[in-house]
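A, B, ... follow the sequence lines: proteins, then strands. Residue 1 opens every chain. Computed from heavy atoms alone, side chains included, the values below leave out hydrogens, waters and symmetry copies.
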Amino acid sequence: MRKELAKTYDPNGLEDRLYEKWLRGGYFRASVNPDRKPFTIVMPPPNITGQLHMGHALDNTLQDILTRWKRMQGFEALWQPGTDHAAIATEVKVTESLREQGIDKEKIGREEFLRYCWDWRKEYGGRIINQLHRLGSSADWDKERFTMDEGCSEAVLTVFLKLYEKGYIYKGSRIVNWCPKCQTSISDAEVEHEDQDGFFWYIRYPVAGEENMFVEVATTRPETMLGDTAVAVNPRDDRFTHLIGRTLKLPLTDREIPVIADEYVDMEFGTGCVKITPAHDPNDFEVGKRHSLEEICVLNDDATMNEKGGKYAGLDRYEARRRIVRDLEDLGLLVKVVPHSHAVGTHDRCGTTVEPMVKQQWFVRMDELAKPAIEAVKNGELTFVPERYTKIYLHWLENIHDWCISRQLWWGHRIPAYYCRKCGKMIVSRTAPDTCPDCGGDSFEQDPDTLDTWFSSALWPFSTLGWPEETPEYRYFYPTDVLVTGYDIIFFWVIRMVFSGYEQTGKSPFHHVLIHGLVRDSQGRKMSKSLGNGIDPLDVIDRYGADALRLTLVTGNAPGNDMRFYWEQVEASRNFANKIWNASRFIMMNLPDGEIRTPDPAELKPADRWILSRINTVVREVTENMDRYELGIAVQKIHDFLWDEFCDWYIEMAKLTFGDESPEGMKAKNGTLWTLREVLGESMKLLHPYMPFITEEIYCTLNPEAETVMTEAWPAWSEERCFPEDESMISAYQELVRGIRNIRMEMNVPAKTKTDLVIACKDEGAERDFRKLLASMGDAGRMVSAKKIEIAGGRTEAEEGSVSVVMSRATAYIPLSELVDREKEIARLTDELGKMVKEIARAEGMLANPKFVSKAPAAKVEEERAKLARYVAMRQQIEEQLERFK
RNA sequence: GGAACGUUAGCUCAGCUGGGAGAGCAUUCGCUUGACGUGUGAAAGGUCACAGGUUCGAGCCCUGUACGUUCCACCA
């Protein structure tokens, strides 16, 4: 029994049911299969704290499209999913939730706190995965991983030990970015620079042993002066050479500091004298190293002044600043205050102004590791789509600093370093050592720090496949094919995966990186919690369906570009879904219960062959564009084909034959029904990666024997489905229909008024084609509101009292004398003639240009010649029409 | 201070290796034509930011300018 589609398209009733079906059917699963080529994408692991937002929706839609497409192309397609432990985000969330319960993190201690974190993960970690289900994501959920699961942790440990042994990981006292709110160090990538309005304070430092002799420095951060250990001038600056080597009295303290010479000082800027605070400024830190200056840290971890701050101890950094400025003023040492805008580093998670501080931290030495990652894009092993992102990638890598990987957090992979409680010796090892090789002590304490979240995500493409074990999955699916992600995490993630991949596996972890932009609100603003302008993808799905959301996210968007979100566009997408739903319903209504005989192409009607020929081209275009990751163009092609050509033309043409019950008509009808079903089925396959739910429902209803469209073969272009003659015949028909509709509109002919129509053909070929065409059309007059269509060769008496439509191969007459307004007709025809004359002039001009004829490609020249001939013919016909009215 | 991207119809954006400017939405005028008014037929709307250059030919390539967006950057 034939199945039927529901009367109305209701995505909600559909999508959950079909997703369940897919899960049950196990279609998302991929496994090692020597008979197929693998295709692999690793999902950027969403944070366990995360809620699905538009960025995820876009990112995962793109991955799902590629995965579904490759699966249909016969690849063993693995989309490897998982979640990220999101060190800071989770720690902050759990801490907050504990605080709400009146529990203090510090009091319960590390072990207990971690138990809460794991509980939290158990409770909420799956939430975002369930939300991804609603999008239709065809990831292999059985393989879901977590950055802190056993295997991934093993990978982290292995990598850490390897890098340490190679000397690429070291512990050192260096200046790092410190977040006073989160109380942890962060990497350079996590610092956002924003311009802030501040001041330049000009301060005098008295020269020791002199009355009224000062050095004037300018600073944006007066409070750090308590940690000054020198003032630097440029050695070539004549103004100050006499001061080099002298000693200054550091105001507000009892310390004395030297004047040193260093090239770093810009003579043109400020006063030409720079206060040097090695413990609180990255540049000063370098200067301090060069001159062996003391590093005096004057801040506590929460950015209050410490005991080195003297009377300012305990004050917040900004309060200390105010007091210090006031005190300097009282001492007469403040020269002036000038407004000054400068870049301030803030923590990208909490927005707190970052404090550069000298700390004992763990670092990854980057110079050697960066090399293969740079080489990879230069030799083409790794490519970015769009290509412009290679530049950004390279620029960052070529200027990379060592990566601070230690975090003063509890939630994360703990650093495998142990300290002897007796002598303090540090031992880096997989497990706690038994005895200290130096002192024989047997008690050790593990380093309290954990690793940057990105340390584990850097290993994601191979750790999820079982590495460091040489698992069959790792051997088969690695390296992965394409990584899909937003440009905002190239530095955090993509780069670190690439150098980790080369270092650990000797290969780039993926061949291509497909970069997408941000989904912004309708005014082009970033969607953010604070602005409250975010749109919840789940809300969109509830209202319009996942298919509509997915289509919206890929339509009209080029790789790497930002896009704006409009509800109107979702509506348009839903309308498209509704359109194909109804078209399918109509087709199925007309399909017979029994078999449809597969017709020979020769017995098909021109319209049937035309649409087969057209979809054949669309198949090629869609595939080509998908090969280039131009998903927006690809889906546009399918959309336009289905709506304009298939629904608005082909189905309408098909209807013309449905009424014909003659034996011949029945035979033609079989061919048309077969074609309708064939083309609809192929279209659903093409559209499936983009709109998986509706295409599944339609396809399976259309082909009751099919289990799912997911595993059907991707359509292939075929030489046998090229019918250029039918294409040109149908475009002549379209020219006729459009022409008649236009003129009826222009002449205000009511739709109900049926007229006769005479087509006067220009030559025998045209006459033959039109006869053949109309003979195949059944009720051919329907689309042009004609009672009767007559085909004439050459001139016809129908001209009398007619309005005419001049086409390239014929002129059509509507013999309705009451329509004819002589003046109006002359005006209209004159207008047409003018257009034609212009076109002819253009073509003639080009062809008269010897350089064009000699230099342009022959095909192009030929094309212009053909056009010219056509225009000349049309001009002649129009002139003939005009004659009639003279 | 560098760099990238953008500037195309009223709005939002496509436009592949250069060969007669497109879509969606909005607008105007028609249509209960056997699936769809979430539809259908038609119309109007663009010196492709500006100025040069290359070319037989430029929205597309090159140079510069203006405006906008974003990224990077240790001028205290």
Review point. Should stems be defined as at least three consecutive Watson-Crick or G-U pairs with both distances under 3.5 angstrom, which of them involve RNA chain B?
Key: B:1-7 with B:66-72, B:10-13 with B:22-25, B:27-31 with B:39-43, B:49-53 with B:61-65

Tell me the interatomic distance from [X], atom [atom1], to [N], atom [atom2], rounded to whole angstroms.
X	N	atom1	atom2	value
A:Leu631	B:G15	CG	P	13 Å
A:Phe586	B:U33	CZ	P	14 Å
A:Leu58	B:C13	CG	C1'	15 Å
A:Gln636	B:A23	CD	P	9 Å
A:Asn575	B:U38	CG	C1'	4 Å
A:Glu192	B:C74	CD	P	14 Å

With a 4.0 Å limit, can you tell me whether [X] has a side-chain N or O closer than that to the phosphate oxygens OP1/OP2 of [N]?
X	N	answer
A:Lys754	B:U33	no
A:Arg564	B:C13	yes
A:His395	B:A73	no
A:Asn742	B:A43	yes
A:Lys391	B:A4	yes
A:Asn561	B:A14	yes

Check your understanding: Do you see a donor-acceptor pair shorter than 3.5 Å between the side chains of A:Glu735 and A:Ser808?
Key -> yes

Check your understanding: Using a distance-only test with no angle check, is there a side-chain donor-acceptor pair under 3.5 angstrom linking A:Asp562 and A:Tyr487?
Key -> yes

Check your understanding: Which whole number of Å gives the distance between the P atom of B:C60 and that of B:C48?
Key -> 10 Å

Review point. If the C1' atom of B:C62 is compared with that of B:A23, how far apart are they to the nearest Å?
Key: 30 Å

Minimum-distance nucleotide (side-chain atoms of [X] versus [options]):
X	options	result
A:Asn582	B:C31, B:A76, B:C36	B:C36
A:Tyr264	B:A35, B:A76, B:C13	B:A76
A:Ala558	B:G15, B:A35, B:C75	B:G15
A:Glu568	B:C25, B:G39, B:A42	B:C25
A:Arg628	B:C74, B:A23, B:C16	B:C16
A:Arg741	B:A42, B:A35, B:A76	B:A42
A:Asn578	B:C75, B:C36, B:C11	B:C36
A:Ile633	B:A76, B:A14, B:U33	B:A14
A:His193	B:A35, B:C75, B:A73	B:A73

Check your understanding: Under 4.0 Å between a Lys/Arg side-chain N and an Asp/Glu carboxylate O for A:Glu295 and A:Arg174?
Key -> no

Review point. Does A:Asn177 reach the main-chain N or O of A:Val354 with its side chain, forming a donor-acceptor pair under 3.5 Å?
Key: no

Point to revise | Nearest-nucleotide comparison on RNA chain B, the residue closer to the 5′ end among A:Arg574 and A:Arg388 | key: A:Arg388

Exercise for review: Find which nucleotide of RNA chain B each of A:Met267 and A:Trp396 is nearest to by heavy atoms, and output the residue with the more 5' nucleotide.
Suggested key: A:Trp396

Practice item. Assign A:Asn748 to base, sugar-phosphate, or nothing according to its heavy-atom contacts below 4.0 angstrom with the strands shown. Key: nothing

Review point. So do the side chains of A:Lys579 and A:Asp648 get within less than 4.5 Å of each other, counting heavy atoms only?
Key: yes

Exercise for review: Measure the spacing between CG of A:Leu702 and OG1 of A:Thr695 and express it to the nearest 0.5 Å.
Suggested key: 12.0 Å

Revision key, fill the gap. Here the gap from A:Met357 atom CE to A:His280 atom NE2, rounded to the nearest 0.5 Å, amounts to 6.5 Å

Study note, to complete from the structure: In short, side-chain hydrogen bond (donor to acceptor under 3.5 Å, both in side chains) pairs touching residues 219-228 of chain A with sequence neighbours left out are A:Tyr205-A:Asp228, A:Arg221-A:Glu223, A:Arg221-A:Glu355, A:Glu223-A:Arg321, A:Thr224-A:Lys275, A:Asp228-A:Lys275, A:Asp228-A:Thr277

Exercise for review: Could I get the full list of side-chain hydrogen bond (donor to acceptor under 3.5 Å, both in side chains) partners for A:Glu190, not counting sequence neighbours?
Suggested key: A:Ser187, A:Arg407

